[in-house]
Amino acid sequence: MRFVPPPKLGVGFTYQRGLPQAIRRLVNFYEVSPDVLCRERVIGGERVLSYHEDLLDEALEAIAGRPVIVHGLGLSIGSAAGWNAGYLRILDGLHARCPFVWHSEHLAFLLAQGPDGRTLHTGVPLPLPFTEEALDLLAPRARALGERYGVPFLLENFTYYLPGLPSDGGRDEVAFLNDLTERSGCGLLLDLYNFYCNAVNFGFDPVEALGRLKLERVVEIHLAGGAVHDGFHMDVHSQVVPEPVWALLDWVAPRAPNLAAIVYEVLEQAVPLVGYDAVGQQLERARAVWERDCARVEAYALA
Amino acid sequence: MVTARGVTARGAAGAGFDGLALTPEERGWLEGLAGTPGLAVTRHIGHWWRETKLRMAARLTLAVLDVDARERLIQDYLEATPCASLFFIPEALGFLDYTLLSAPEVPHVLDIARFERALLLAREAAPLPPGATPPAEEWRPEWRITPHPSAAAVAFAAPPTLLLGALLGGGRLPAPQPEPTPVLIAPGLPHLWRPATPHEAALFSRAQQGLTVADLHAEDEVLSALLRAGALLLA
């Protein structure tokens with residue numbers, strides 16, 4: 001599948017219930033996680049996801065009139081035994097009612113099959129090794145997800161904490177992302193906070209690493225802030241964006257010609273702590289970068 | 001896939017990776033993870049997120065316990081029970097089942113755990129279809145009376161309004177009383193619960209054993225009330 005850059009959307013925010021007008025007026029689009037509108041039951045050993053119809057109706061009403069992109073949590077694209085088909089069923093349901101401009105998932109896995117055939121849940125997304133075996137598993141899946149809805153599919157780089165992930169061919173995370181986007185035709189959701197966490201936790205230079213990334217595949221950027229635990233920077237979406245991450249955005253934005261969206265992520269449960277004033281400031285700062293750098297890239301591309 | 005296989009091995013055996021098709025390098029990597037700060041923080045995040053979910057979705061039961069008992073029960077549960085889902089309700093149901101099995105010797109805790117479990121199930125139930133409760137004159141003797149799968153009757157050792165009011169308001173819990181108070185939880189009730197009459201509790205209990213309309217003894221009004229509440233179904 002050939003990578004086709006999607007239309008440029010601007011600055012967005014995660015859909016949450018009850019977003020005040022002061023925030024709504026600052027966003028060009030919404031990013032929706034279908035999982036948060038769902039319930040899950042385990043029936044006869046099978047996971048069954050279904051929408052809370054009232055939550056879905058409320059969400060569709062709230063986001064009407066703005067472009068929508070999808071950011072999934074539960075696909076488990078990297079599971080060796082197969083992805084979570086229940087997630088795709090709810091994504092089909094959302095697409096039928098609200099066509100999205102693109103959709104994305106985390107480059108990780110949540111489900112594994114036990115020796116007795118039962119599905120085990122990791123509880124927290126776990127990383128994939130940077131190997132040919134992983135590429136062979138992921139690339140056809142990513143390609144199929146792009147074809148399924150006829151819109152781009154993006155994979156998000158992911159914060160991990162396990163040391164020395166297996167690799168072959170001398171691949172590190174950046175080389176793996178480059179190979180994956182090339183072989184699958186998918187785009188990249190570059191989470192700069194995740195990238196920053198990995199750089200701090202594993203001691204690499206984020207700018208040098210970003211310099212090796214195929215930035216023409218970056219369609220969307222996530223910004224977030226988190227916490228530090230036992231010396232590890234953790235991706236928990238509980239804070240404003242730290243300055244080093246803004247600096248990475250300043251570096252990437254003018255160099256990513258297909259960048260189409262910047263999203264600030266904060267957990268719904270953390271919004272009362274962060275405060276809507278601070279959320280608004282993050283969105284305004286992201287917009288300033290967008291207007292400074294992405295408008296210029298657009299003009300350059302059109303010239 | 002080495003990480004996926006590693007998860008499988010931990011879930012299956014708790015230790016070791018024997019029997020898995022791993023290269024020596026993969027085996028060495030997995031064995032080398034034990035004791036690393038990276039594995040510890042990965043486990044911490046998983047526990048933190050599970051704990052956050054059950055603290056939000058099992059508030060009533062946790063509110064019955066004092067701080068020490070609450071923290072001990074949560075940590076015991078997290079250690080004893082593997083994660084089953086990313087979602088709040090399955091995590092809370094798992095915790096409430098664990099609480100009922102471990103049966104802490106604290107007044108009211110088991111009653112409230114049963115109540116909260118039933119509330120979660122009733123909240124997740126599909127809405128009752130229109131016309132689900134036929135009027136009494138249409139009932140036929142052979143119709144079976146069964147409990148709604150998401151309904152329950154539990155008994156409180158104190159008046160429910162006093163007990164729940166104290167839990168929600170952070171007040172002193174009422175002392176257990178000799179006579180239990182039945183409470184009905186069903187998907188058709190406003191707020192999903194109300195106090196039940198002893199007759200309603202008795203009929204609900206009999207329906208769990210198997211009952212037909214012909215078995216009723218001048219209980220039409222009680223059955224009508226339970227049908228309207230969505231606690232019982234006719235088939």
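This one's a predicted model, so the numbers in the text were calculated from it and none came from an experiment. Values below: all heavy atoms of this structure, side chains included; hydrogens, waters and symmetry mates excluded. A, B, ... follow the sequence lines: proteins, then strands. Residue 1 opens every chain.
Heavy-atom distances place the side chain of A:Gln269, and not its backbone, under 4.5 Å from chain B. Heavy atoms closer than 4.5 Å to chain A are found in both the backbone and the side chain of B:Glu124. Heavy-atom distances place both the backbone and the side chain of B:Thr42 under 4.5 Å from chain A.
Top candidate by heavy-atom pairs under 4.5 Å with chain B, chosen from A:Pro163, A:Ser50, A:Ala81, A:Gly123, is A:Pro163. Contact count versus chain B (heavy atoms, under 4.5 Å) is highest, among A:Gly231, A:Pro125, A:Gly74, A:Cys38, for A:Cys38. Counting heavy-atom pairs under 4.5 Å between each of B:Val41, B:Ile89, B:Ile45 and chain A puts B:Val41 at the top.
Judged purely by distance below 3.5 Å, without hydrogens or angles, the side chains of B:Glu91 and B:Tyr77 pair a donor atom with an acceptor atom. With 3.5 Å as the limit, one finds no donor-acceptor pair spanning the side chains of A:Glu156 and A:Ser104.
For B:His44 and A:His229, the gap between ring centers is short of 6.0 Å.
Qualifying side chain to side chain contact (heavy atoms under 4.5 Å, CB included) partners for B:Leu168, counting only residues two or more places apart in sequence or in other chains: B:Leu60.
A donor-acceptor contact shorter than 3.5 Å links the side chain of B:His148 to the backbone of B:Ser150.
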